[in-house]
**Q** 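Encoded as structure tokens, here's the structure I'll be asking about.
Atoms considered below: every heavy atom in the structure, side chains included; atoms not considered: hydrogens, waters and symmetry mates. Here is how names work: the chains are called A, B, and so on, in the same order as the sequence lines, proteins then strands, and each is numbered from 1.
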Amino acid sequence: MLIAMFEALIPWYEAHKRELPWRQDKEPYHVWLSEIMLQQTRVEAVKEYYRRFLTALPTIADLAEAPEEQILKLWEGLGYYNRVRNLQKAAQTICAEYTGVFPSEYAQIRSLSGIGDYTAGAIASICFDAPTPAVDGNVLRVYSRLLADDANIDLQTTKKRITRKLQETYPQKNPGIATQALMELGATVCVPNGAPRCDVCPVAEICQARKQDTWRNLPVRSEKKKRKIVDKTVFILLTEDTVALHKRSTSGLLAGMWEFPNVDAKLDKQAAVTQVTGWQAEPLDLLMQTSYTHIFSHVEWHMTAYYIRCRKTNKKWKWVTKESLDETYALPSAFRPFREQIENL
DNA sequence: AAGTCGGGGTC
DNA sequence: GACCCAGACTT
């Protein structure tokens, strides 16, 4: 079954594959960067980030030596910011332990920061022709439907089993093509939301979910728990030419990113002004008030923002010009609407 | 095994 | 509003 799948899949991929920036070559740095950026992130979202990142940091050595502010700025808006910290940590490991040359053995690749089973398998097969499966969400979906396998794909045991089954029959010639072909099928034909395009699927004839008409129920996943709601009051503190920023902790949510000063509570106008006075920034005028909800995977921020003209700056915040905010400081998307509003004051 | 960690497209 | 994306790491 799986052998027949690969036989039909490879020629289909060669005929229908998308042209993507990271498919120009098999340079490990390029493939690696793309795989990290693509973790839980759509192809369309990654394209421009990928190009910009490589223009700024063309080599692994450049990445290893880059200031943290620069790599966070390059990742700004892409999310999961620990990805880029781990990316740099791995780059430093490659420079220190592998003389700057990306390692070619699966075990070495797998041991680098930010590289798990999926990414190691992808890089080893695509860059080094190792017959190592790369089991991502696409592959789990394709496999579940092809075999009408109703095991929960969120379970470790299921992923291990599917990885093992693929490993047994993985093509020994051009395994990197097999890796990309499986994912391409999941991304463009056996799609995650909506009906799969079985009419153009190269393996429709051997698909058990299609035969049984059970594709709607596959793959099976764990139940998701609902998000917590956090109320926030955000302070857009402005002088004549600067705005106050705060750098977040280097651990936890949005680690190391910059933000507008805020507190985890819903303050009314008076309490907000009192808060700013307590920070000794001397509030002059309350210019505007806006509200905005930002949704993360596991939490919602219900934010009320007060735009306040201040007489003085304090030592508690970093007061920066709008220009340097845009050019230098990495601001998460959660705060982006407030940044835009400043222009309308 | 469950929780944490972003942001956005699609239905 | 719910789902989920070329997942990894921590607890």
**Q** I'd like to know if A:Glu184 pairs up with A:Lys17 as an ion pair, taking the criterion as any Lys NZ or Arg NE/NH1/NH2 lying under 4.0 Å from an Asp or Glu carboxylate oxygen.
**A** no
**Q** If I pick the P atom on B:dG3 and the same atom on C:dC3, what distance separates them, to the nearest angstrom?
**A** 16 Å
**Q** Taking the P atom in each of B:dG6 and C:dT11, what is the distance between them to the nearest angstrom?
**A** 15 Å
**Q** Does atom CZ of A:Arg18 have more than 12 heavy-atom neighbours, drawn from other residues, nucleotides or ligands, at distances under 6.0 Å?
**A** yes
**Q** Are any of A:His298's side-chain N or O atoms less than 4.0 Å away from OP1 or OP2 of B:dT4?
**A** no
**Q** Quick one: A:Asp154 CG to B:dT4 C1', roughly how many Å, whole number?
**A** 15 Å
**Q** Mind checking ring-ring contact (aromatic ring centres under 6.0 Å, His included) for A:Phe128 and listing every partner two or more places apart, or none if nothing turns up?
**A** none
**Q** Roughly how many Å is it from CG in A:Leu155 to C1' in B:dA2, rounded to a whole number?
**A** 11 Å
**Q** Can you tell me which stems DNA chain B forms, taking runs of 3 or more consecutive Watson-Crick or G-U pairs with both distances under 3.5 Å?
**A** B:1-5 with C:7-11, B:7-11 with C:1-5
**Q** Rounded to whole Å, how long is the line connecting atom NZ of A:Lys225 with atom P of C:dA2?
**A** 15 Å
**Q** Applying ring-ring contact (aromatic ring centres under 6.0 Å, His included), which residue pairs with at least one partner in residues 133-169 of chain A are found, sequence neighbours left out?
**A** none
**Q** Take atom P in C:dA6 and the same atom in B:dT4, then report the distance between them in whole Å.
**A** 24 Å
**Q** Taking distance alone, no hydrogens or angles, what donor-acceptor pairs closer than 3.5 Å link side-chain atoms of residues 229-239 of chain A to residues at least two apart or in another chain?
**A**
unit_1   : atom_1 : unit_2   : atom_2 : d
A:Lys232 : NZ     : A:Asn262 : OD1    : 2.8
A:Lys232 : NZ     : A:Asp264 : OD1    : 2.5
A:Thr233 : OG1    : A:Ala265 : O      : 2.5
A:Thr233 : OG1    : A:Leu267 : N      : 2.9
A:Thr239 : OG1    : A:Asp241 : N      : 3.4
A:Thr239 : OG1    : A:Thr242 : N      : 3.0
A:Thr239 : OG1    : A:Thr242 : OG1    : 2.6

**Q** Taking only residues two or more places apart in sequence or in another chain, which ones pass salt bridge (charged side-chain N to carboxylate O under 4.0 Å, His left out) with A:Arg52?
**A** none
**Q** My understanding is that only residues two or more places apart in sequence, or in another chain, count here; which of them pass side chain to side chain donor-acceptor pair (under 3.5 Å) with A:Ser34?
**A** none
**Q** When the side chains of residues 193-204 of chain A are checked against the rest of the protein, which donor-acceptor pairs come out under 3.5 Å, sequence neighbours left out?
**A**
unit_1   : atom_1 : unit_2   : atom_2 : d
A:Arg197 : NH1    : A:Thr188 : O      : 3.2

**Q** Go along nucleotides 3-11 of chain C 5' to 3' and tag each nucleotide: B for a protein heavy atom under 4.0 Å from its base, S when only backbone or sugar atoms are that close, - otherwise.
**A** -BBBBSS--
**Q** Taking the nucleotide of DNA chain B with the closest heavy atom to each, which residue, A:Thr157 or A:Tyr81, is nearer the 5' end?
**A** A:Thr157
**Q** For a quick test of your reading: what N or O donor-acceptor pairs under 3.5 Å do the side chains of residues 95-105 of chain A make, sequence neighbours left out?
**A**
none

**Q** Residues from residues 245-265 of chain A sitting under 4.0 Å of DNA chain C, heavy atoms only?
**A** none
**Q** Can you list everything that forms a salt bridge (charged side-chain N to carboxylate O under 4.0 Å, His left out) with A:Arg51? Sequence neighbours excluded, please.
**A** A:Glu48
**Q** Counting only side-chain N and O atoms of A:His294, is one of them less than 4.0 Å from OP1 or OP2 of B:dG6?
**A** no
**Q** Under the rule for salt bridge (charged side-chain N to carboxylate O under 4.0 Å, His left out), what residues qualify as partners of A:Lys160, not counting sequence neighbours?
**A** A:Asp117
**Q** I need the CH2-P distance between A:Trp75 and B:dG7, as an integer number of Å.
**A** 13 Å
**Q** Whole angstroms only, please: what is the CD1-C1' distance between A:Ile295 and B:dG6?
**A** 12 Å
